[in-house]
Amino acid sequence: MGMLDAVASRVSGGATVTFRPSGSSMVPLVRSRQQVVVAPVDPAKLEVGDIVLARVSGTVYLHLVSALDLARKRVQISNNRGRVNGWTGHDRVFGICVEVDGVARKAVAGKLLAVDFS
């Protein structure tokens with residue numbers, strides 16, 4: 001299991017997770033090893049441009065929502081360099097990036113999932 005798989009497991013369980021992803025596919029939005037905070041999200045409230053933690057074809061990515069298909073409850077995931085990873089169902093979107101290196105991401109309010117473990 002890779003690092004992003006472990007983060008996805010924690011976020012899908014309701015945790016807000018802070019970690020440092022590596023790679024350059026999201027520059028300049030997220031640079032390699034910058035600290036990010038990802039929280040559980042309500043996928044029905046996502047918008048194009050949101051940075052999400054999602055599984056596409058078996059791989060977990062911290063990438064952009066590039067298109068929405070509300071009727072089929074799915075989102076298209078892409079990096080910030082124009083590469084489309086593919087479509088994935090709402091059930092495979094685990095969280096939304098709420099902060100990068102201490103700077104809050106805009107347009108996150110109202111998208112977080114209220115987790116109730118009672």
Side-chain angles (χ1 to χ4, degrees):
M1 177 188 302
M3 188 264 297
L4 286 181
D5 290 298
V7 171
S9 178
R10 291 181 57 206
V11 174
S12 68
T16 296
V17 179
T18 301
F19 64 104
R20 293 181 181 274
S22 59
S24 60
S25 65
M26 288 295 292
V27 170
L29 300 174
V30 180
R31 296 183 188 283
S32 189
R33 305 298 297 148
Q34 278 187 307
Q35 182 174 284
V36 299
V37 178
V38 175
V41 67
D42 179 350
K45 296 180 179 176
L46 291 173
E47 299 174 283
V48 170
D50 286 334
I51 299 173
V52 297
L53 187 68
R55 183 177 308 279
V56 181
S57 300
T59 302
V60 177
Y61 297 96
L62 183 68
H63 277 178
L64 293 168
V65 173
S66 52
L68 301 166
D69 183 350
L70 298 176
R72 295 172 76 181
K73 295 184 178 180
R74 64 186 190 149
V75 296
Q76 185 182 63
I77 304 298
S78 301
N79 67 21
N80 200 36
R81 297 178 176 260
R83 162 99 166 62
V84 175
N85 303 108
W87 289 93
T88 196
H90 283 181
D91 61 325
R92 289 184 298 276
V93 178
F94 308 111
I96 187 168
C97 180
V98 297
E99 189 177 293
V100 178
D101 258 1
V103 178
R105 295 269 305 153
K106 295 179 181 172
V108 174
K111 297 178 184 176
L112 301 182
L113 189 61
V115 180
D116 181 14
F117 291 105
S118 58

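Keep in mind that what you see is a predicted model, and the values were worked out from it rather than measured. FYI, the numbering just counts along the sequence from 1.
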Original post:
Taking all atoms of both residues into account, what is the closest heavy-atom pair of Ala39 and Leu112, and its distance?
Top reply: CB-CD2, 3.8 Å
Subject >> Heavy-atom pair with the smallest gap, counting every atom of Leu64 and Gly49 >> reply: CD2-O, 3.4 Å
Subject >> Nearest non-hydrogen partners of Phe19 and Met3, listed with the distance >> reply: CD1-SD, 3.7 Å
Original post:
At their closest point, which heavy atom of Ser32 faces which heavy atom of Ser22, and how far apart are they?
Top reply: OG-CA, 3.4 Å
Original post:
Say you draw a straight line from OG of Ser66 to CH2 of Trp87; how long is it, rounded to the nearest 0.5 Å?
Top reply: 7.0 Å
Original post:
Between Val60 and Ala8, what is the shortest heavy-atom contact and its length?
Top reply: CG1-CB, 4.2 Å
Subject >> Partner residues of Phe94 under the ring-ring contact (aromatic ring centres under 6.0 Å, His included) criterion, sequence neighbours left out >> reply: none
**OP:** Please say whether more than 12 non-hydrogen atoms of neighbouring residues, nucleotides or ligands are located less than 6.0 Å from CZ in Arg72.
**Re:** no
**OP:** Identify the heavy atoms of Leu4 and Leu62 that sit nearest to each other, and give their distance.
**Re:** CD1-N, 4.3 Å
Original post:
Distance from Leu113 atom CG to Lys45 atom NZ, nearest 0.5 Å?
Top reply: 8.5 Å
Original post:
Which distance, rounded to the nearest 0.5 Å, do you find between the CD of Gln76 and the CG of Leu68?
Top reply: 9.5 Å
Original post:
Is Asn80 reaching over with its side chain to a backbone N or O of Val27, donor-acceptor style, under 3.5 angstrom?
Top reply: yes
Original post:
Can you find a pair of side-chain heavy atoms, one from Tyr61 and one from Leu53, that are under 4.5 Å apart?
Top reply: no
Subject >> side chain to side chain donor-acceptor pair (under 3.5 Å) contacts in which one or both residues fall within residues 97-110, not counting sequence neighbours >> reply: Gln34-Asp101
**OP:** Would you give the length of the straight line joining atom CZ of Arg20 to atom CZ of Arg33, rounded to the nearest 0.5 angstrom?
**Re:** 6.5 Å
**OP:** Find out whether Val48 and Asp50 are in side-chain contact, i.e. whether some heavy atom of one side chain is under 4.5 Å from a heavy atom of the other.
**Re:** no
**OP:** Mind checking the CG-CG spacing from Leu29 to Asn79? Nearest 0.5 Å is all I need.
**Re:** 10.5 Å
Original post:
Judged by atom type as modelled, is there a donor-acceptor pair below 3.5 Å linking the side chain of Lys73 to the main-chain atoms of Asp69?
Top reply: no
Subject >> Distance, nearest 0.5 Å, that separates OG of Ser24 from CZ of Arg81 >> reply: 4.5 Å
**OP:** Compute whether any side-chain donor of one residue and acceptor of the other, for Ser25 and His63, lie under 3.5 angstrom apart.
**Re:** yes
Subject >> Flag, side chain of Arg74 to backbone of Gly89, donor-acceptor distance under 3.5 Å >> reply: no
